[in-house]
Amino acid sequence: MRVLILGGTAEARQLAGRLAGRSDLAVTLSLAGRTASPAPQPVPVRVGGFGGAEGLAAYLKAERLDALIDATHPYAAIIAANAAKAAVIAGVKLLALRRAPWMPVAGDRWTPADTLSEAIEKIGSEPRRVFLALGRKDLAAFEAAPQHDYLIRSVDPVDPPLKLSRAQYIESRGPFTEANDRALMERHRTEIVVAKNSGGDSTYGKIAAARALGLDVVMLHRPSLPHVASVESVDDAVRWIDHVPAPGAERGV
Ligand code: NAP
């Protein structure tokens, strides 16, 4: 069976690792190409966009894929929608592997925001010390609020830098522990964190650290994603693969 994993997440890499050695599967992992030096992957990788849903459908057909697993980040809404459309066009089985969101616990001080502009509003107009734990494409919006001191953490350099005179940049890939994120926030005298509700362990450090330090977190809402068959764990995704009918089986070949 030929399987394409849409990746860019730790779960996609873990799933690829679980499927890599299997002689009954040919697995390819797809990356958008956002990161200059992506982490090594345990299966063959293709890089770059497909050209929308139609492009992805054409790829699925040309590569004679049997199953598509959308293991992209829960905020990667465009590729998730494209995957849903493309799977229908190409007649390929689709599963979404989506992390459960973090739930607030006692001591968390979360303020929800639907959009980046709303997040900026929630920081307030008075200058504050803000930790932005967001992807590069979300950062430019904060140029609208240059009065704040920003600490910006990203995998690759933010290049060109933002038009913000009071920004400090750190490059780091994670995973991030509570202890390290707490030390970082204390060093930078962070007052407020802006985050996505990514779920999973690897970026939860800042949320736990904010709680320990009594800091507010402006939490961006997850985008709405297409309603498709989905699981929350790599184990369940492996089980799903094991139950996809072998190629030809449904046609009685
Ligand atoms: P997006 O807005 O949903 O997608 C934008 C375009 O990027 C898609 O239309 C597609 O181009 C291309 N694309 C996205 N993921 C791809 C993949 N895995 N393989 C091939 N092409 C892909 O996506 P995004 O939010 O920019 O995220 C890009 C990548 O970064 C994803 O792989 C995601 O898992 C990862 N990531 C995202 C976040 C986040 O906060 N958004 C955080 C961590 C990791 P075409 O239309 O040309 O096919």
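Small disclaimer: the values here were computed from a predicted structure and weren't measured.
- Annotation: side chain of Leu94 is in contact with side chain of Asp70 (closest heavy-atom distance under 4.5 Å).
- Using a 4.5 Å heavy-atom threshold, the side chains of Leu220 and Asp138 count as separate.
- Evaluation of the side chain to side chain contact (heavy atoms under 4.5 Å, CB included) rule for Pro44 yields no partner, not counting sequence neighbours.
- Judged purely by atom type and a 3.5 angstrom limit, Arg109 uses its side chain to pair as donor or acceptor with the backbone of Gly214.
- Contacts classified as ring pair (Phe, Tyr, Trp, His ring centres under 6.0 Å) and involving residues 175-195 (residues at least two apart or in different chains) are not found.
- Looking at heavy atoms from C-beta onward, Val130 lies out of side-chain contact with Phe142 at the 4.5 angstrom threshold.
- Here the straight-line distance linking atom CG of Leu151 with atom CZ of Arg129 works out to 8.5 Å at 0.5 Å rounding.
- The shortest side-chain heavy-atom distance between Val92 and Leu4 does not fall under the 4.5 Å cut-off.
- Screening residues 10-60 for ring pair (Phe, Tyr, Trp, His ring centres under 6.0 Å) gives Phe50-Tyr59 as the qualifying pairs, with residues at least two apart or on separate chains.
- Sorted by first and then second residue, the side-chain hydrogen bond (donor to acceptor under 3.5 Å, both in side chains) pairs involving residues 26-39 (not counting sequence neighbours) are Ser30-Arg46.
- In this structure, the side chain to side chain contact (heavy atoms under 4.5 Å, CB included) partners of Pro226, at least two apart in sequence or on a different chain, are Ala80, Ala84, Arg98, Val228.
- Grouping Ile, Leu, Val, Met, Phe, Trp and Tyr residues whose side-chain heavy atoms lie under 4.5 Å apart, directly or via other members, places Val238 in a hydrophobic cluster with Met1, Val3, Ile5, Leu15, Leu19, Leu25, Val27, Leu29, Leu31, Val43, Val45, Val47, Ile69, Leu95, Leu97, Val231, Val234, Trp240, Ile241, Val244.
- Thr190 contributes atom OG1, which lies 9.5 Å from atom CD of Glu186 (distance to the nearest 0.5 angstrom).
- The distance from the CG atom of Asn197 to the CD1 atom of Ile207 is 7.5 Å, given to the nearest 0.5 Å.
- Atom OG1 of Thr177 sits about 12.0 Å away from atom CZ of Arg182, to the nearest 0.5 Å.
- Counting only heavy atoms from C-beta outward, the side chains of Val193 and Met185 approach each other to under 4.5 Å.
- A donor-acceptor contact shorter than 3.5 Å links the side chain of Asp66 to the backbone of Arg2.
- By the 4.5 Å side-chain criterion applied to Ile, Leu, Val, Met, Phe, Trp and Tyr, Ile89 is assigned to no cluster and stands alone.
- Evaluation of the ring pair (Phe, Tyr, Trp, His ring centres under 6.0 Å) test over residues 99-139, restricted to residues two or more places apart or in two chains, returns Trp102-Tyr204.
- Rounding to the nearest 0.5 Å places CD1 of Ile192 at 5.0 Å from CG of Asp216.
- Here the straight-line distance linking atom CG of Leu139 with atom OG of Ser154 works out to 7.0 Å at 0.5 Å rounding.
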For residues 161-172, run the donor-acceptor check on the side chains, cut-off 3.5 Å, and write out each pair with its distance to 0.1 Å, sequence neighbours left out.
from   : atom 1 : to     : atom 2 : distance (Å)
Arg166 : NH2    : Asp149 : OD2    : 3.0
Tyr169 : OH     : Leu162 : N      : 3.0

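- Considering only residues two or more places apart in sequence or on other chains, Ser233 meets the side chain to side chain contact (heavy atoms under 4.5 Å, CB included) condition with Asp235, Asp236.
- What you find for Ala133 and Lys206 is that their closest heavy atoms are CB-CD, 3.4 Å.
- Identified under the ring pair (Phe, Tyr, Trp, His ring centres under 6.0 Å) test for residues 67-94, with sequence neighbours left out: His73-Tyr75.
- Although no hydrogens or angles enter the test, the distance criterion places a donor-acceptor pair under 3.5 Å between the side chain of Asp156 and the main chain of Ala36.
- Listed by chain and number, the residues in a side chain to side chain contact (heavy atoms under 4.5 Å, CB included) with Pro175 are Ser202 (sequence neighbours excluded).
- Using a 4.5 Å heavy-atom cutoff, the side chains of Asp242 and Arg22 are in contact.
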